[in-house]
Amino acid sequence: MKKAARVGNYMIVQNDEGAIVVFRTYDNVKGALREISEAIGFKYDPAWTTRQLGSKLIDAINGK
């Protein structure tokens, strides 16, 4: 990472190649993960922790 700045719920990052990427942070990470899951049709267990849901969702999106 070359440089980064945070403002409100946004993180602006310039990588080593000069490309700019913007990330948005959420107050309710688990809620955001559930919203993503529902948007892609991923079935999750409501009892999963944020770490469990996040890890399984990443694997599902990446086809693992």
Does any pair with a residue in residues 20-35 pass side chain to side chain donor-acceptor pair (under 3.5 Å), and if so which ones, sequence neighbours excluded?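 Output for this query is empty, none listed.
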Which pairs count as side chain to side chain donor-acceptor pair (under 3.5 Å) when at least one residue sits in residues 36-47, sequence neighbours excluded?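 Residue pairs passing side chain to side chain donor-acceptor pair (under 3.5 Å), neighbours aside: E38-Y44.
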Not counting sequence neighbours, which residues clear side-chain hydrogen bond (donor to acceptor under 3.5 Å, both in side chains) with Q52? List them please.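 In terms of side-chain hydrogen bond (donor to acceptor under 3.5 Å, both in side chains), with neighbours along the sequence ignored, Q52 is linked to T49.
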Given K2, which partner from the list N15, V13, D16 fulfils the side-chain contact (heavy atoms from CB on, under 4.5 Å) test?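 Filter result, single survivor: D16.
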Side chains of residues 55-64: which donor-acceptor partners sit under 3.5 Å, not counting sequence neighbours?
residue : atom : partner : partner atom : Å
N62     : ND2  : I58     : O            : 3.4

Could you go through the side-chain contact (heavy atoms from CB on, under 4.5 Å) check for F42 and L53 one step at a time? CA-CA 10 Å; F42 177 74; L53 177 53; 4.1 Å; yes
Run the side chain to side chain contact (heavy atoms under 4.5 Å, CB included) test against V21 and tell me which residues pass, sequence neighbours left out.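 Counting only residues at least two positions away or on another chain, V21 forms a side chain to side chain contact (heavy atoms under 4.5 Å, CB included) with F23.
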